[in-house]
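Before any comments, here is the structure.
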Amino acid sequence: MRTQTLLKRGLGVSFALLLALSLLVSSAIAEQGRKGILLVAFGTSEEKALPAYEGIEAAFRPALEQGEPLVWAYTSNIIRTKLGRQGKKVYSVDEALDALAEQGVTDLSVQSLHIMAGEEFTKLDRLLQSNVLKHPGRFKTMTLGRPLVESMDDAQAVAKAVLRAVPSARKSGDAVLFMAHGQDAGRCDMVFAGMNAVMNAIDPLAFMASVEGYQRIENIIPMLKEKGVTRVWLMPFMVVAGDHARNDLAGDEPDSWASLLRKEGMTVFPVLRGMGEIPGIQDVFARHAAESHDDIVNPKIKFTAE
Ligand code: CO
């Protein structure tokens, strides 16, 4: 009887020891963690636009060790549905987080590939927060990198990068007009006004307007005329040269920017190259991911480095 109790106790102690040991080992593994990257874009169904995403992905790869996953998600439901019908599956943000967790990622770096903190960025931020609340403890850390243009440093880096990407065939006296997307209710207006001012200070013949929002092409045409511009290079101020670039900017429809400028007697040179293809732009996104202290799992009010 006594021996049995002792034996039981002995077994109990060694079980407890084993348990403690295995907990220690697993916590050591968890302590070490596994990194992963999630790149989130609005999305595109235009195949020709994909080199922009490939270029950005290449800029993020060096931040990962061999075997650590990099996953994409599109915030646009319409684009994902359209691609799905063509048999091309792209993750939503929730699906991407499931996939990363399944691959054992504990420390996730999410990077927004949006131009500024407008509608789509806000949607991404909320999707991440509600996902973390739904699956507490699934990730140890989840940082969210800010979109492309926010600080004055960003604006200057972006302006220099896009102006350097204007084809060298541009002659003196040729203007450059960038097409941004914008937003109807004007959420982008101030960012774009600032961006336009920075661009214009570097290059007085560089302008920016958006499809939606305050700064429309109608405001730019008088400025071009006043400067005696007869030739205009047209470039997307968007990560990919997708539908807007191909149709609203460079298309043959009477209300495309190319047509509107031609109607004013100007010669236009559309450049169908997404900003994501430009190395200086890829660098800004990668820097924002590396600098982010906005941890959604352990939120703090202070977002700067300690
Ligand atoms: Co649009």
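No experiment lies behind these values; they were computed from the predicted model shown. As the structure lists them, so they are numbered: ligands from 1, and atoms in each ligand from 1.
If you look at the Co ion (ligand 1), the protein N, O or S atoms less than 2.8 Å from it are His181 NE2, His244 NE2.
Within a 6.0 Å radius of NZ in Lys82, no more than 12 heavy atoms belonging to other residues, nucleotides or ligands are found.
Every residue meeting the side-chain contact (heavy atoms from CB on, under 4.5 Å) condition with Lys134, not counting sequence neighbours, appears here in chain and number order: Asp94. Among residues two or more places apart in sequence or in another chain, the side-chain contact (heavy atoms from CB on, under 4.5 Å) test is passed with Ser76 by Phe42, Ile78, Ile79. Considering only residues two or more places apart in sequence or on other chains, Ala117 meets the side-chain contact (heavy atoms from CB on, under 4.5 Å) condition with Phe121, Arg146, Pro147, Glu150.
Using cut-offs of 30° and 60° on the angle between ring planes, the pair His244 and His181 is perpendicular.
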Q.
Let's go through Lys225 and Glu264 carefully: what are the C-alpha distance in whole Å and the side-chain angles of both, what is the deciding distance for salt bridge (Lys or Arg N to Asp or Glu O under 4.0 Å) to 0.1 Å, and is it a yes or a no?
A. CA-CA 9 Å; Lys225 282 179 161 172; Glu264 301 292 337; 2.9 Å; yes
